[in-house]
Amino acid sequence: MIKTTLIGLAVAGSIAGCATVAADTDYGRVALQMMKADFMTKGPANAERVFQQDEIEQVCSDASQTVAPAVSARLEAAQLASVVYPADGKYFGDWKAGEAIAQNGRGLQSSDAVGAVNGGNCYACHQMTKEEISFGNIGPSLYNYGKLRGQSEPIVKYTWGKLYNAQAYRACSNMPRFGHNGILTQAQLKDVMALLLDPASPVNQ
Ligand code: HEC
């Protein structure tokens, strides 16, 4: 009996809800208002980062249209121009430290300390080594990345640029912009570079 009443109320509620929303409602604006009212900053999880979008984020969040190739190309070029390459010309750190960064999914969450060292969480989206069998597949497998591509200058610079700002190479990439957004430091990026490209790294076995 109680169940029926609750379902009845839910249906009545949703019908009433529909009736009050005008056909031309700007749902994006309504959703933003709700988020602004309800999302709060806690620790390093800054609510502002959800609301403040740069141009490329605005374009890629607009579900009403696909991004035209000329627009993607312009946005990618602007992102690429802002990539900061290592001033000392050294691109490789320690693959062991890189593996720890790839495994570490902590950082910038409400339960993290402000100023704590962030991880890269690469395994959440990529296969990387044979040993680690728990990985996501939003991104392509990076197993044997260095073995397959080598260490030519274009590959090294592309890989750095991709890690620094994935949107420099794919405007609406789902990969975090690790350098651009200050998620990983330059030293951490070098360690991840070694994980990907060092012939001794488990990625390349
Ligand atoms: C939230 C998911 C996500 C995370 C986390 C992520 N990536 Fe990616 N990555 C992707 C996706 C999706 C692609 C393919 C599409 C694209 O090019 O952006 C990609 C592409 C790449 C590429 C280019 C591959 C190629 O074939 O050229 C590299 C290199 C890479 N990721 C490395 C990393 C590393 C290293 C980390 C951790 C520091 C990482 N990614 C974290 C989603 C992710």
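Atoms within a ligand are numbered from 1 in the order they appear, just like the ligands themselves. Reckoned from all heavy atoms, side chains included, excluding hydrogens, waters and symmetry mates.
- Nearest to atom 43 (C) of ligand 1 by heavy atom, out of Cys172, Ala168, Ala124, Cys125, is Cys125.
- Of the N and O atoms on the side chains of Glu153 and Tyr91, not one donor lies less than 3.5 Å from an acceptor on the other residue.
- With ligand atoms numbered from 1 in the order given, ligand 1 contributes 36 (C), 37 (C), 38 (C), 39 (C), 41 (C) to contacts under 4.0 Å with heavy atoms of Phe178.
- The shortest distance between side-chain heavy atoms of Arg106 and Ser111 falls below 4.5 Å.
- When non-hydrogen atoms are compared, ligand 1 lies under 4.0 Å from the backbone of Cys122 as well as from its side chain.
- The shortest heavy-atom contact between Asn204 and Leu197 is ND2-C, 3.6 Å.
- The shortest distance between side-chain heavy atoms of His180 and Gln167 does not fall below 4.5 Å.
- Nearest to atom 11 (C) of ligand 1 among the protein's heavy atoms is Gly139 CA, 3.6 Å.
- For the ligand labelled ligand 1, residue Tyr169 lies outside the 4.0 Å heavy-atom shell.
- Ligand 1 lies out of reach of Ala102, whose nearest heavy atom is not under 4.0 Å from it.
- Of all protein heavy atoms, the one lying nearest to atom 25 (C) of ligand 1 is Arg149 NH2, 3.3 Å.
- Under the 3.5 Å distance criterion, with hydrogens and angles disregarded, a donor-acceptor pair is assigned to the side chains of Tyr145 and Thr159.
- In this structure, Gln188 falls outside the shell of residues with a heavy atom less than 4.0 angstrom from ligand 1.
- Considering Met175, Arg170, Met128 only, the shortest heavy-atom separation from atom 42 (C) of ligand 1 involves Met175.
- A distance of 11.0 Å separates CZ in Phe178 from NZ in Lys162, rounded to the nearest 0.5 Å.
- Counting heavy atoms under 4.0 Å from ligand 1, residue Leu163 touches it through the side chain alone.
- In this structure, the protein non-hydrogen atom closest to atom 23 (C) of ligand 1 is Tyr158 OH, 3.4 Å.
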Please step through side-chain contact (heavy atoms from CB on, under 4.5 Å) for the pair His126 and Met175, ending with a clear verdict. CA-CA 10 Å; His126 295 284; Met175 178 163 147; 4.2 Å; yes
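- Between Ser110 and Ala45, the shortest heavy-atom contact is N-CB, 3.6 Å.
- At the top of the distance list for atom 18 (O) of ligand 1, counting protein heavy atoms only, stands Ser173 OG, 2.5 Å.
- Side chain to side chain, Gln53 and Ser61 meet the donor-acceptor criterion of an N or O pair below 3.5 Å.
- Nearest heavy atoms, Glu99 versus Tyr123: OE1-OH, 2.8 Å.
- Of the protein's non-hydrogen atoms, the one nearest atom 12 (C) of ligand 1 is Ile138 O, 3.5 Å.
- For atom 32 (C) of ligand 1, the closest non-hydrogen atom of the protein is Leu142 CD1, 3.4 Å.
- For the ligand labelled ligand 1, residue Pro140 lies inside the 4.0 Å heavy-atom shell.
- His126 NE2, 2.0 Å is the protein heavy atom nearest to atom 8 (Fe) of ligand 1.
- Checking Tyr164 against Ser82 by side-chain atom types alone, no donor-acceptor pair falls below 3.5 Å.
- Of the protein's non-hydrogen atoms, the one nearest atom 16 (C) of ligand 1 is Lys162 NZ, 3.2 Å.
- At a 4.0 Å heavy-atom cut-off, ligand 1 touches Asn121 through the backbone alone.
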